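Heads up, the thing below is written out as structure tokens.
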Amino acid sequence: DGGITQSPKYLFRKEGQNVTLSCEQNLNHDAMYWYRQDPGQGLRLIYYSQIVNDFQKGDIAEGYSVSREKKESFPLTVTSAQKNPTAFYLCASSILAPGTGSEQYFGPGTRLTVT
Amino acid sequence: GQQVMQIPQYQHVQEGEDFTTYCNSSTTLSNIQWYKQRPGGHPVFLIQLVKSGEVKKQKRLTFQFGEAKKNSSLHITATQTTDVGTYFCAVANGGSQGNLIFGKGTKLSVKP
């Protein structure tokens with residue numbers, strides 16, 4: 001089956017610890033994205049990557065870091081510098097469609113709770 | 001930067017009633033996408049509209065793109081409990097290939 005996997009589904013951490021969220025896709029998509037969703041809010045873009053070994057900051061990149069060493073993988077690290085890390089994190093991927101935006105496929109998400 | 005306003009934020013309907021959510025932009029859009037997120041789930045792509053005045057239907061769902069390509073609507077006829085969820089519109093961020101900007105969504109609840 002083709003798709004995007006995120007693990008784990010639920011994650012609990014103590015304040016001050018860094019935590020890495022996994023995102024893997026086998027859709028052969030070039031572009032991958034990380035979003036944060038808070039209750040009653042839309043999706044806010046954290047980071048995105050259009051090609052291996054390259055990534056760009058989104059609207060709320062502070063306190064987060066990413067890597068894109070493989071086309072299939074785009075892990076997100078929530079660092080201790082992120083002031084309000086508790087949220088639902090969604091990873092997505094798409095083909096690249098210059099200027100128009102293409103359909104994004106989302107993973108099931110990771111619900112992170114930091115106490 | 002590009003922004004899109006989505007209204008209403010919440011909508012509570014009785015099963016069988018119709019439902020409409022709207023997205024509005026101050027700038028002309030190249031296209032608009034709609035997604036549905038079930039409670040506890042992840043967004044799932046529904047449709048993309050590209051042409052001015054375009055109307056597309058998926059069973060009880062009707063999607064419209066305004067003539068000026070600055071607004072769009074999603075209308076559900078005779079809602080069912082399976083329609084429950086949050087509906088998001090998303091528009092291309094013209095400055096970055098492939099990026100989307102999402103509206104805040106309309107959360108639909110359906111009372112049986």
Side-chain angles (χ1 to χ4, degrees), chain A residues 2-7 9-10 21 23 25 27 29-51 54-61 68 74 87-111, chain B residues 1-11 21 23 25 27-51 54 56 63 65 69 72 85-109:
Chain A
I4 301 180
T5 57
Q6 290 185 244
S7 61
K9 191 175 178 69
Y10 298 95
L21 311 184
C23 177
Q25 55 99 0
L27 299 168
H29 286 167
D30 288 307
M32 296 188 74
Y33 313 84
W34 273 105
Y35 294 93
R36 170 184 173 135
Q37 187 175 37
D38 294 285
Q41 298 294 314
L43 283 69
R44 292 186 289 169
L45 184 64
I46 304 173
Y47 268 98
Y48 65 98
S49 169
Q50 297 179 344
I51 195 170
D54 186 52
F55 48 82
Q56 305 295 329
K57 292 182 179 181
D59 300 319
I60 55 165
R68 186 88 186 275
F74 191 40
F88 187 42
Y89 290 89
L90 286 157
C91 179
S93 72
S94 74
I95 62 170
L96 277 180
T100 63
S102 46
E103 171 187 351
Q104 292 191 6
Y105 294 77
F106 285 83
T110 292
R111 212 166 283 278
Chain B
Q2 179 70 272
Q3 287 192 354
V4 59
M5 299 298 294
Q6 191 172 355
I7 56 170
Q9 190 174 0
Y10 302 96
Q11 186 79 58
T21 173
C23 271
S25 169
T27 60
T28 302
L29 304 170
S30 58
N31 63 0
I32 191 163
Q33 298 179 13
W34 287 93
Y35 291 77
K36 176 183 179 181
Q37 184 177 21
R38 293 182 186 276
H42 58 276
V44 174
F45 174 81
L46 294 176
I47 209 159
Q48 176 167 276
L49 304 174
V50 179
K51 298 177 184 176
E54 189 170 16
K56 287 188 176 180
F63 304 84
F65 202 9
K69 299 182 73 173
S72 180
T86 302
Y87 294 84
F88 294 98
C89 62
V91 302
N93 182 344
S96 301
Q97 292 185 10
N99 284 7
L100 297 174
I101 295 177
F102 284 82
K104 289 189 183 295
T106 295
K107 187 173 182 179
L108 172 64
S109 61

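A, B, ... follow the sequence lines: proteins, then strands. Residue 1 opens every chain. Note that the structure is predicted; figures quoted are calculated from it, not measured.
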- Message: Test side chain to side chain donor-acceptor pair (under 3.5 Å) on A:Y35 and A:Q104; report intermediate values, then the result.
- Response: CA-CA 12 Å; A:Y35 294 93; A:Q104 292 191 6; 2.7 Å; yes
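The candidate with the highest count of non-hydrogen atom pairs below 4.5 Å against chain A, out of B:K107, B:K104, B:H42, is B:H42. Annotation: maximal heavy-atom pairing with chain B below 4.5 Å, among A:Q37, A:R44, A:Q56, occurs at A:Q37. Heavy-atom pairs under 4.5 Å with chain A were tallied for B:G41, B:P43, B:G40; the largest tally goes to B:P43.
Using a 4.5 Å cut-off on side-chain heavy atoms (C-beta onward), B:L100 and A:Y33 make no contact. Between A:Y105 and A:H29, the closest side-chain pair of non-hydrogen atoms falls below 4.5 Å.
For a residue to count as touching a neighbouring chain, one of its non-hydrogen atoms must lie under 4.5 Å from one of that chain's; by this rule A:L45 touches chain B with the side chain only. In this structure, no portion of B:Q6 lies under 4.5 Å from any heavy atom of chain A.
In this pair, B:F45 and B:Y35 present their aromatic rings perpendicular. The plane angle is above 60°, beyond the 30 to 60° band. Between B:F102 and B:F88, the ring-plane angle classifies as perpendicular under the 30° and 60° cut-offs.
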